[in-house]
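For clarity, every value in this text was computed on a predicted model and none was experimentally measured. Only heavy atoms go into these numbers, but all of them, side chains included; no hydrogens, no water, no symmetry mates. Protein chains get the first letters and strands the later ones, always in sequence-line order, with residue 1 at the start of each.
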Amino acid sequence: MVCTETYILSRTQFLSLSNNIPPKNTDLNVRFYEHGWLPLLKRCKSMEEFKQVHAHILKLGLFWDHFCGSNLVATCALAKWGSMEYACSIFRRIEEPSSFEYNTMIRGNVNCMNLEEALILYVEMLKKGIEPDNFTYPFVFKACSLLGALKEGMQIYSHVFKAGLEGDLFLQNSLISMYGKCGAIEHARDVFDKMSERSVASWSAIIGAHASAEMWHECLKLFNDMMHDGRYRPEESTLVSVLSACTHLGSPNLGSSVHGILLRNTTELNVIVKTSLIDMYAKCGCIEKGLCVFHSMAEKNKHSYTVMISGLAVHGCGSEALRIFAEMLEQGLAPDDVVYVGVLSACTHAGLVNEGLEFFNRMQFEHKIEPTIQHYGCMVDLMGRAGMLREAYELIKSMPRKPNDVLWRSLLNACKVHHNLELGEIAAENIFMLNPHNPGDYLVLANMYARAQKWVDMAKIRTEMVRKGLVQTPGFSLVEVKRRVYKFVSHDKSQPHFHSIYAMIHQMEWQLKFEGYIPDTSQVLLDVDEEEKRQRLKYHSQKLAIAFALIHTSEGSPIRIFRNLRMCNDCHTYTKFISMIYEREITVRDRNLFHHFKDGACSCKDYW
DNA sequence: TCCCAATGAA
């Protein structure tokens with residue numbers, strides 16, 4: 001019971017409430033509402049305050065008012081400070097609970113991730129003969145979607161028809177989300193297509209469904225359809241899915257326009273939206289814009305720090321990433337395994353070897369995080385980069401879990417860079433045992449043999465590739481010029497103005513030679529003479545893309561290139577020279593990191 | 001007279 005000396009709500013407030021009794025009206029409903037209990041309940045800011053109000057209500061005998069009980073349950077179950085246990089104890093004292101109380105309890109349980117409990121309550125409802133209504137199903141479907149319980153969800157959908165609620169807009173929207181989350185995209189699509197009436201939420205749900213299915217182009221298409229319809233104003237949740245599509249498609253221009261739509265449609269962007277923006281900018285190569293959004297955030301959480309740190313990591317900004325990690329710790333946010341992947345890879349890409357080794361220890365012993373296979377991968381990269389190949393090999397062997405092919409591939413790559421054929425062979429053998437279908441691995445090994453002039457071994461590997469029917473994935477480079485994306489493959493002559501591009505290449509080469517560039521033919525695996533090898537190198541897709549961009553963009557503007565494969569040594573050196581000669585910043589996104597070429601140097605410090 | 005749907009990281 002309430003103790004009059006310690007209550008939190010003002011004394012006069014309580015006195016005035018107590019003075020209002022007995023009520024003028026004997027009707028209980030009027031009594032509960034007339035005396036201002038509802039606003040008082042809504043004003044509760046903590047469990048303490050709530051318990052006091054609850055105590056007063058009990059003392060005054062108001063609890064038996066039907067609406068009083070349901071409002072108590074609703075407040076306690078749904079407030080941030082609430083308690084499901086306490087709400088349940090109140091709920092169980094209501095003699096004849098209606099669908100309203102059940103809905104509230106189901107919703108509360110879904111919010112605290114007691115998903116089975118939510119479904120049990122739904123079943124209990126059915127057993128007691130209380131009819132679920134249009135409010136019940138959205139919560140129940142949400143529980144199913146969080147459980148990934150597609151079958152159960154579909155079964156429950158059949159109840160909807162019995163209740164004649166299949167036309168309800170909210171219900172259909174939740175159904176789309178459930179299908180989306182459970183990976184039943186065609187079902188989601190089917191519901192969406194058959195809707196007689198839609199809201200923004202319907203669009204958000206269907207766009208989100210395609211985002212979780214990683215159908216990025218479809219996401220953008222749907223968003224476009226929605227905007228063209230003209231009746232809907234996009235919401236933050238809609239745009240988060242669209243941003244995700246921009247991120248995965250690597251389109252900073254699209255992403256920026258979504259940013260613009262956000263700013264035009266909402267006053268203050270929430271944490272989730274801002275986090276998605278940072279991630280989008282970082283992954284699209286615009287790390288400065290990502291930092292800008294990050295610094296503009298009043299409220300940051302674990303996710304925000306994680307995307308910022310791993311964003312900086314792939315851009316080779318290691319020390320900046322570590323500074324932000326320190327800030328995260330200062331804020332009292334506990335680091336988890338994901339943020340440590342970012343921290344360790346930041347150390348790797350910036351060549352901060354000692355720091356990386358130290359963080360690997362701190363993670364385990366100070367923050368008690370078991371290293372996952374990703375962490376080991378970062379460490380192998382880190383040691384490999386520093387030339388500590390033996391140590392990396394020992395680390396892999398000492399792992400408590402079975403190493404995967406990705407890990408061995410890191411070692412193989414390190415061996416390639418440091419020309420250690422002996423360990424390279426071991427790494428390759430392990431890769432071939434775990435995954436014999438990746439042509440790139442065979443090529444790296446063949447390359448290493450070629451470099452060591454072991455032609456017989458090289459030929460063996462090539463034969464092996466042919467025998468397995470493995471063909472090298474064709475490499476391509478994408479470059480965006482005047483809002484259009486152009487794709488180049490090696491020796492490409494499909495562009496309408498390819499003559500001017502080839503002429504540009506000749507001009508560039510003349511200047512490159514003047515500056516001291518020597519073509520590195522060591523990675524050309526053809527049995528041809530040196531001159532032929534040089535000819536092969538000359539028209540690699542990245543070089544064509546750079547030439548094209550140099551012709552068609554204004555002087556001094558940055559060039560952004562995306563490629564599907566790692567670049568060869570020669571393209572790397574070549575691009576460094578070009579960035580100096582033409583005074584351009586060139587950003588190339590590789591399979592796993594960004595290379596920022598500027599003034600003749602690359603942010604990866606020549607390790608990739 | 002109270003309760004609906006959606007969103008972020010390796």
Take the protein atom [atom1] of [X] and the nucleotide atom [atom2] of [N], then report the distance between them rounded to whole Å.
X      : N      : atom1 : atom2 : value
A:Y232 : B:dA5  : OH    : P     : 19 Å
A:D337 : B:dA10 : CG    : P     : 12 Å
A:N301 : B:dT7  : CG    : C1'   : 13 Å
A:E235 : B:dC4  : CD    : C1'   : 14 Å
A:E101 : B:dT1  : CD    : P     : 17 Å
A:W203 : B:dA6  : CH2   : P     : 19 Å
A:Y122 : B:dC3  : OH    : P     : 22 Å
A:F294 : B:dA9  : CZ    : P     : 16 Å

At under 4.0 Å between heavy atoms, what does [X] touch on the DNA or RNA strands: base, sugar-phosphate, or nothing?
X      : answer
A:A201 : base
A:D168 : nothing
A:D133 : nothing
A:F139 : sugar-phosphate
A:V338 : base
A:S177 : sugar-phosphate
A:T372 : nothing

Which nucleotide in [options] has an atom nearest any side-chain atom of [X]:
X      : options              : value
A:S237 : B:dA5, B:dC2, B:dA6  : B:dA6
A:K181 : B:dT7, B:dC2, B:dA5  : B:dT7
A:F170 : B:dA10, B:dC4, B:dT7 : B:dC4
A:F135 : B:dC4, B:dC2, B:dA6  : B:dC4

Could you check whether A:E101 and A:S98, counting side-chain N and O atoms only, form a donor-acceptor pair closer than 3.5 Å?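 Per modelled atom types, A:S98 and A:E101 side chains form a pair under 3.5 Å.
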
Under the salt bridge (Lys or Arg N to Asp or Glu O under 4.0 Å) rule, collect the residues that match up with [X], sequence neighbours excluded.
X      : result
A:E355 : none
A:K289 : none
A:R563 : none

Please determine whether a side-chain nitrogen or oxygen atom of A:K142 lies at a distance below 4.0 Å from atom OP1 or OP2 of B:dA6.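 Affirmative; the distance criterion is met.
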
Within residues 269-282 of chain A: residues closer than 4.0 Å to DNA chain B (heavy atoms):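 Here the set is A:V271, A:I272, A:T275, A:S276, A:D279.
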
For atom CD of A:E131, is the number of surrounding heavy atoms from other residues, nucleotides or ligands below 6.0 Å larger than 12? no

Atom pairs and distances, side-chain donor-acceptor, residues 307-326 of chain A, under 3.5 Å, sequence neighbours left out:
from, atom 1, to, atom 2, distance (Å)
A:S310, OG, A:T306, O, 2.6
A:H315, ND1, A:H596, NE2, 2.7
A:H315, NE2, A:A282, O, 2.8
A:E320, OE1, A:R323, NE, 3.4
A:E320, OE1, A:R323, NH2, 2.3

Could you label the plane-to-plane angle of the A:H248 and A:W216 rings as parallel, tilted or perpendicular, counting under 30° as parallel and over 60° as perpendicular?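 Parallel, since the angle between the ring planes stays under 30°.
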
Applying side chain to side chain donor-acceptor pair (under 3.5 Å), name anything that partners A:H375, two or more places apart in sequence or on another chain.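 By the side chain to side chain donor-acceptor pair (under 3.5 Å) rule, A:H375 matches A:T372.
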
